[in-house]
Amino acid sequence: MPFRWNPDLTPNDVTPEALFRQRRRLIQSAAMAGIGALLGLNPGRVAIGGEFMTEVKKGVVTLDESVTPFKDASSYTNFYELGSGKTDPSTHAERLQIAPWHVVIDGEVSRPVRLALDDLLRPHALEERVYRLRCVEAWSMVIPWIGFPLGEVLKRFEPTGNARYVAFETIHDPDHLPGQAQRSLEWPYREGLRLDEAMHPLTILAVGMYGRTLPNQNGAPLRLVVPWKYGFKSIKSIVRISLTEKQPPTSWNRQAPSEYGFYANVNPNVDHPRWDQSKERRIGEFLRRKTLPFNGYEEQVASLYHGMDLRQFF
Ligand SMILES: Nc1nc2c(c(=O)[nH]1)N[C@H]1C(S)=C(S)[C@@H](COP(=O)(O)O)O[C@H]1N2
Ligand SMILES: [Mo]
């Protein structure tokens with residue numbers, strides 16, 4: 001089974017980086033209960049991480065930069081459904097109900113479906129990829145994701161000749177999600193990509209990070225990761241993927257169109273109206289780093305935007 005959520009595993013009090021390095025040995029040599037005992041985990045505390053994932057192949061993309069500590073990546077998060085403060089999502093993580101989980105794939109596809117998560121994932125080989133993620137708020141992280149190319153899923157359900165964009169939607173569950181009781185954003189959270197961006201091999205659907213299934217606050221059980229775009233494009237807890245002919249509306253663009261564009265490519269030369277975008281604070285570091293065009297993925301993705309004015313299409 002490629003995916004399972006285990007609310008009892010609590011990596012909260014172990015050192016995650018060390019865990020991450022030992023993971024390959026551990027998953028080979030111990031069963032779940034064995035791992036728990038080995039690490040002295042205390043079942044029954046607030047779950048912030050999922051189950052260790054097996055059968056994950058080494059990805060084709062990695063980075064020579066140190067990985068952000070799991071503790072930071074899972075506690076300093078943006079997930080407005082669980083609150084607008086950085087630690088709200090980890091505090092309220094258990095409010096997100098992720099089982100059972102279904103995903104609808106519809107719109108301009110020959111084979112529209114509604115699938116249980118396991119059935120969506122079954123044919124796809126999971127791999128680990130270390131990517132930079134840069135928030136539009138000028139902080140960044142380096143995260144080892146577990147996932148597979150979004151393009152594989154899209155191909156499986158056969159986009160029609162009319163498909164030009166892909167629209168994504170997050171779960172809408174105002175009875176459980178405290179942020180959705182407020183109008184901090186128009187719910188459900190929506191994002192979108194042009195079809196060629198969605199088909200690009202760097203664009204992945206992630207189901208895990210740091211060797212485990214995703215913590216709820218990081219977008220369990222299924223999220224997008226588009227490493228050359230600002231973090232808000234990487235929509236969490238996806239329930240619907242629709243192929244469309246027209247450019248779909250997106251949450252942050254609707255909220256503040258002058259501040260957040262549809263494309264949202266990381267661009268040190270286009271400042272946010274309220275702050276400079278040429279530098280970023282890598283979480284855990286003191287000095288700010290220079291922000292790289294397309295977040296460092298220029299060589300791989302710049303050709304997608306050939307001939308476009310990236311100041312107009314920000
Ligand atoms: N559904 C949903 N997805 C979301 C958000 C959100 O509020 N709701 N925040 C976005 C923003 S602004 C960022 S920076 C990234 C953060 O991902 P991380 O918390 O896993 O680092 O998630 C994005 N995906
Ligand atoms: Mo963000």
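Keep in mind the model is a prediction, meaning the values are calculated, not measured. For ligands, and for the atoms within them, numbers begin at 1 and follow the listed sequence.
- Of the possible polar contacts, none joining the Thr291 side chain to the Pro268 backbone as a donor-acceptor pair under 3.5 Å is found.
- With sequence neighbours excluded, no residue satisfies salt bridge (charged side-chain N to carboxylate O under 4.0 Å, His left out) with Lys279.
- If you check which protein heavy atom lies closest to atom 7 (O) of ligand 1, you get Tyr80 N, 2.7 Å.
- Distances from atom 13 (C) of ligand 1 to the heavy atoms of Ser90, Gly179, Gly231, Ala73 put Gly231 nearest.
- In this structure, a donor-acceptor pair under 3.5 Å is absent between the side chains of Arg190 and Ser251.
- For the atom pair CD of Glu108 and CD of Glu158, the computed distance is 13.5 Å after rounding to the nearest 0.5 Å.
- Shortest non-hydrogen contact noted between Leu214 and Leu222 is CD1-N, 4.3 Å.
- Looking only at heavy atoms of the protein, atom 6 (C) of ligand 1 is closest to Tyr189 CE1, 3.3 Å.
- Within ligand 1, counting atoms from 1 as listed, the ones closer than 4.0 Å to a heavy atom of Ile235 are 3 (N), 24 (N).
- Considering only non-hydrogen protein atoms, atom 20 (O) of ligand 1 sits nearest to Arg223 NH1, 2.6 Å.
- Taking every heavy atom of Thr77 and a limit of under 4.0 angstrom, the matching atoms of ligand 1 come to 19 (O).
- Short contacts between ligand 1 and Thr170, defined as distances under 4.0 Å to a heavy atom of the residue, involve ligand atoms 1 (N).
- Glu81 OE1, 2.8 Å is the protein heavy atom nearest to atom 8 (N) of ligand 1.
- With ligand atoms numbered from 1 in the order given, ligand 1 contributes 1 (N), 2 (C), 6 (C), 7 (O), 8 (N) to contacts under 4.0 Å with heavy atoms of Phe79.
- Considering CG of Asp173 and CD1 of Ile98, their distance stands at 12.5 Å, rounded to 0.5 Å.
- The ligand atoms of ligand 1 that sit less than 4.0 angstrom from a heavy atom of Cys135 are 14 (S).
- Atom 9 (N) of ligand 1 has its closest protein heavy atom at Asn78 O, 3.2 Å.
- Closest to atom 22 (O) of ligand 1, if we only count protein heavy atoms, is Lys236 CE, 3.3 Å.
- Between Tyr297 and Tyr131, the two ring planes are perpendicular [angle over 60°; tilted spans 30° to 60°].
- A donor atom on one side chain and an acceptor atom on the other are not found under 3.5 Å apart for Tyr189 and Gln180.
- Ring orientation note: the planes of Tyr263 and Phe313 are nearly perpendicular, at an angle over 60° on the 30°/60° scale.
- Nearest protein neighbour of atom 24 (N) of ligand 1, counting heavy atoms only, is Ser234 O, 2.9 Å.
- Distances shorter than 4.0 angstrom do not occur between any heavy atom of Gly219 and any atom of ligand 1.
- Considering backbone and side-chain N/O of Asn218, one or more are found under 3.5 Å from N/O of ligand 1.
- Within the hydrophobic cluster formed by Ile, Leu, Val, Met, Phe, Trp and Tyr side chains joined at under 4.5 Å, directly or through other members, Phe314 is accompanied by Val270.
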